[in-house]
Amino acid sequence: MTKIFKHIQTSVVPLPIENIDTDQIIPARFLKATTREGFGNNLFRDWRFDENDQPKEDFVLNHPTYSGKVLVAGKNFGCGSSREHAAWAISDYGFDAVVSSFFADIFKGNALNNGLLPVQVSDDFLKKIFDAVFADHTTVVDIDLENQVIKISSTGEQESFEINPYKKACLMNGYDDIDYILSNRAAVEEFEKAPNP
Amino acid sequence: MAKTLFDKIWDAHVVSSKEGFPDILYIDTHFIHEVTSPQAFDGLRKRGLPVFRPKQTVATADHNVPTWDQHLPIKEELSRYQVDMLTKNCAEFGVELYGLGHPYQGIVHVIGPELGITRPGSTYVCGDSHTSTHGAFGSIAFGIGTSQVEQVLATQCLLQSRPKRMKIEVNGTLQKGVGAKDIILYIISKISAAGGTGYFVEYAGDTIRSLSMEGRMTICNMSIEMGARGGLIAPDQTTIDYVKGREFAPKGEEWDKAVAYWQTLYSDEDAKFDSVLTFKAEDIEPMITYGTNPGMGIGVTQHVPATEDFEPKEQGSYKKALDYMGLHDDEQLLGKPIDYVFIGSCTNSRIEDLRQVAAFVKGKHKADNVVVWVVPGSKQVEQQAIAEGLDKIFESAGFPLREPGCSACLGMNEDKIPSGKYCVSTSNRNFEGRQGPNSRTFLASPLTAAAAAITGRVTDIREMLSASEFAELVD
């Protein structure tokens, strides 16, 4: 059962950096765990902590001003490795959605499989969110999955976003891909019996 | 209707296609390794499910393994635990494991092809983004996350929407000293680290056709570095000759049948691509990256860009990358002292790569300021290198041949580039901290890396090769 996502209203954490790769989200040396839990402690590890494991004050997650359930990041978020640990780390830290103007494919799929909503907005709208948050850190965004709309509460500006209808149904109802494929097991076995091309 | 190669293979693997749903795609072979599989096996246990087709699942230990003393227990506790977990899971679920000590052990994307498991016209997935490597054989191969690893273990299928199709053609004759790695670094530098996102790429053109299978694997391997899900190259005689006679390749009548099918695998002449890009081989110099994503690459004689060359909203990210790398606007990398050279990874650790490096360094010695790591892609590559005496050549040049694994490509084992040090690396990613916290990576070809090992600096390989030496290297 996937985590259910329907609608959130929350302040946000801005990270206006482009091409944030999964090695930044969760460095490879922290991939040695064999469960899905606890990765949030090492989210953005090398940006967040120095060599002596002390928090770096200039990094946004260490900044008391910014908090919220949504991470807002520059374009091409989640590029690089296929590690699902990146989605687990973001989710485990406490985010329910990531907003960017562009997502890497594998990250997007991994996020959707873990109830973490990737919201792809236009470059303009992304800039509007950053501008609003940097002008007022209490800025709230409203993400409505059912209607596929993201809104900046203070300014009323909004934009619609795309999501595969099947994945949307999965997120809103907690459905799971494996259950879906298993329900097609007869078709899979039929396919296997057919002669190879 | 005219079809692309990609669509021919995809259509032949669709179990079910339903409006509004991703396709259910049948996976011929599922490769697994120790890092992205434990949570998937755990998921199966929680659901009370077996591995649906264990015989179509192949496991190896590669990401975490040491590259010295592999016969001894792994020292690092968490790594050892993860590798042991893979052994236990494979035993419990009936999956074949080429673990440490097995003659077939190695980097998952090196062993699949060399064992003849990777073949044209098939579908492959693995919880590793460089699964795109296997596309070099004219197959559909791509990386997946752990939830999808669980999905494939449970069903031998993957729920997947059909990506868009891109064709990248490279035509013409390569300059001396320029190879497959330079081609792909050049393409990525032109279209950016996100330029292929949403696409599956077919590489074509006479330059691509002229490459060996090893070179084609290097190209397809880095498809993910432009954001593409995967890349593939239509099979031809080079492909067939490579697969023939390998351990798990079809034999006898099965072989003839397979080859007949493989010969139908090409994009029809008027097949439609969503995007087509064309490059000239003559324009490609030996390449090197200067930044913190693989799109940040230049010809080795060029200067790094200036911040003002970028749009204002991109300048912050660019400056951050240059600061991390300890470089400044307009700097020329040529002649810059470096500290480490890493020759290895699923991009460049095959026997051909090691042969090329050995041919170049033979009779030379590494510079005093440089530490050189040569890590073969598999036990078979290692044994072949030893049989050919390459280990002796490396030894005389001042660096020993290590044992196989992913090693310093991602520094999950102890092979980490120290903080602040520069490494010329034949791997695939120059992300911040990729090779170790605060490490600084210059991605390059095996020849460019070998040249840097000898001079201790970023070097233009073309300056170091006489015509006869070059002829020897490419033979």
Side-chain angles (χ1 to χ4, degrees), chain A residues 2 16-19 21-24 27-29 31-36 45-47 51 74-76 79-88 102-107 109-114 123 127 164-167 169 176-182 184-185 187-188 190-192 196-197, chain B residues 12 15-16 20-22 24 26 35-36 38-39 42-43 47 49 63-64 78-79 81-82 85 121 127-129 131 143-148 150-151 154-157 159 161 163 193-194 197-198 224 227 229 261 292-293 295 313-314 316-317 320 410-412 419 429 431-434 437-438:
Chain A
T2 314
I17 299 171
E18 297 183 348
N19 299 308
D21 59 76
T22 52
D23 277 83
Q24 305 321 312
R29 61 187 191 280
L31 305 186
K32 296 181 185 185
T34 51
T35 64
R36 291 170 184 245
R45 178 76 198 198
D46 293 335
W47 286 352
E51 283 150 30
K75 75 173 179 201
N76 199 24
C79 59
S81 152
S82 62
R83 62 189 70 162
E84 192 160 315
H85 313 66
W88 298 338
F102 200 81
F103 287 94
D105 281 336
I106 305 181
F107 175 80
N110 287 341
L112 288 167
N113 283 337
N114 286 279
D123 283 326
K127 187 171 180 304
N164 175 289
Y166 164 77
K167 290 314 279 186
D176 177 298
D177 287 354
I178 295 181
D179 296 337
Y180 175 69
I181 303 178
L182 287 176
N184 282 273
R185 185 168 173 149
V188 177
E190 200 60 35
F191 177 90
E192 288 181 320
N196 290 327
Chain B
V15 170
S16 149
F21 287 78
I24 299 179
Y26 193 79
V35 177
T36 56
Q39 295 87 349
D42 224 26
R47 292 171 198 264
L49 291 173
H63 281 64
N64 252 321
L78 288 173
S79 295
Y81 184 72
Q82 209 172 44
M85 183 73 95
D128 187 287
S129 60
T131 307
I144 56 177
T146 296
S147 294
Q148 293 171 309
E150 184 180 340
Q151 205 180 114
T155 68
Q156 202 59 35
C157 290
L159 215 49
S161 298
T197 304
I224 183 72
R229 209 47 203 280
Y261 172 54
T292 54
N293 73 58
K313 69 180 167 76
E314 291 172 342
S317 297
K320 184 175 187 299
L410 82 168
M412 274 197 81
S419 178
R429 290 193 173 130
F431 297 150
E432 284 184 33
R434 170 81 178 180
N438 294 311

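Residue numbers begin at 1 in each chain, while the letters A, B, ... track the order of the sequences.
The most heavy-atom pairs under 4.5 Å with chain A, out of Ala194(B), Gly433(B), Ser147(B), Pro38(B), come from Ser147(B). When each of Ser79(B), Ala154(B), Pro437(B), Ala193(B) is checked for heavy-atom pairs under 4.5 Å with chain A, Pro437(B) comes out on top. Most heavy-atom pairs under 4.5 Å with chain B, from the set Gly109(A), Ala33(A), Cys79(A): that is Ala33(A). With chain A as partner, the option from Gln156(B), Lys313(B), Glu314(B) having the largest number of non-hydrogen pairs under 4.5 angstrom is Glu314(B). Contact tally against chain B (heavy-atom pairs below 4.5 Å) for Arg36(A), Lys167(A), Lys127(A): the top residue is Arg36(A).
A salt bridge links Asp46(A) and Arg29(A); the closest N-O separation between the charged side-chain nitrogens and carboxylate oxygens is under 4.0 Å. At a threshold of 4.0 Å, the pair Asp21(A)-Arg83(A) does not count as salt-bridged, since none of the basic side-chain nitrogens sits closer than that to a carboxylate oxygen. Salt bridge Arg185(A)/Glu192(A): absent, no basic N to carboxylate O contact under 4.0 Å.
Only the side chain of Gln24(A) comes within contact range of chain B, with at least one heavy atom under 4.5 Å from a heavy atom of that chain. Of the two parts of Met85(B), only the side chain, counted from C-beta on, holds a non-hydrogen atom closer than 4.5 Å to a non-hydrogen atom of chain A. Contact of Ser16(B) with chain A is made through the side chain alone, with heavy-atom distances under 4.5 Å. Looking at Thr131(B), neither its backbone nor its side chain comes within 4.5 Å of chain A, counting heavy atoms on both sides. Interface remark: Asp105(A) contributes backbone and side-chain atoms alike to the contact with chain B (heavy atom separation under 4.5 Å). In this structure, the portions of Arg434(B) lying under 4.5 Å from any heavy atom of chain A include both its backbone and its side chain. For chain B, the nearby part of Lys75(A) is the side chain; its heavy atoms alone come within less than 4.5 Å. With a 4.5 angstrom heavy-atom cutoff, Arg45(A) does not touch chain B via any of its atoms. Within the 4.5 angstrom heavy-atom criterion, only backbone atoms of Phe103(A) (N, CA, C, O) approach chain B. For Ile24(B), the part lying under 4.5 angstrom from a heavy atom of chain A is the side chain only. At a 4.5 Å heavy-atom cutoff, the contact between Ala104(A) and chain B is made by backbone atoms alone. The part of Ile144(B) that comes within reach of chain A is its backbone (N, CA, C, O), which places non-hydrogen atoms under 4.5 angstrom from that chain. If you measure heavy-atom distances from Asn113(A) to chain B, the contacts under 4.5 Å come from both the backbone and the side chain. Heavy atoms of Ser317(B) lying under 4.5 Å from chain A belong exclusively to its side chain. In this structure, chain B has heavy atoms under 4.5 Å from both the backbone and the side chain of Asp177(A). If you measure heavy-atom distances from Thr35(A) to chain B, the contacts under 4.5 Å come from the backbone alone. For chain B, no part of Glu190(A) is nearby; none of its heavy atoms comes within less than 4.5 Å.
Using modelled atom types and a 3.5 Å distance limit, the side chains of Arg429(B) and Ser129(B) yield a donor-acceptor pair. Remark: the Asn110(A) side chain and the His85(A) side chain contain no N/O donor-acceptor pair separated by less than 3.5 Å. Using a 3.5 Å distance cut-off with no hydrogens or angles, the side chains of Trp47(A) and Glu432(B) do pair a donor with an acceptor.
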**Request:** Go through the steps for Phe431(B) and Thr292(B) under the test side-chain contact (heavy atoms from CB on, under 4.5 Å), then give the verdict.
**Result:** CA-CA 5 Å; Phe431(B) 297 150; Thr292(B) 54; 5.8 Å; no

**Asked** Going through the checks in order, is the side-chain contact (heavy atoms from CB on, under 4.5 Å) test met by Glu84(A) and Phe107(A)?
**Response** CA-CA 7 Å; Glu84(A) 192 160 315; Phe107(A) 175 80; over 6 Å; no

**Item:** Stepwise side-chain contact (heavy atoms from CB on, under 4.5 Å) test for Glu51(A) and Ser419(B)
**Value:** CA-CA 10 Å; Glu51(A) 283 150 30; Ser419(B) 178; 3.7 Å; yes

**Request:** Go through the steps to decide whether Arg47(B) and Asp42(B) satisfy the test salt bridge (charged side-chain N to carboxylate O under 4.0 Å, His left out), and finish with yes or no.
**Result:** CA-CA 9 Å; Arg47(B) 292 171 198 264; Asp42(B) 224 26; over 6 Å; no

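Here Gln82(B) pairs with Asn64(B) under the side-chain hydrogen bond (donor to acceptor under 3.5 Å, both in side chains) rule; sequence neighbours left out. For Asn164(A), there are no side-chain hydrogen bond (donor to acceptor under 3.5 Å, both in side chains) partners, not counting sequence neighbours.
Using the six-membered ring where Trp is involved, Tyr166(A) and Tyr180(A) have ring planes that are tilted, between 30° and 60° apart.
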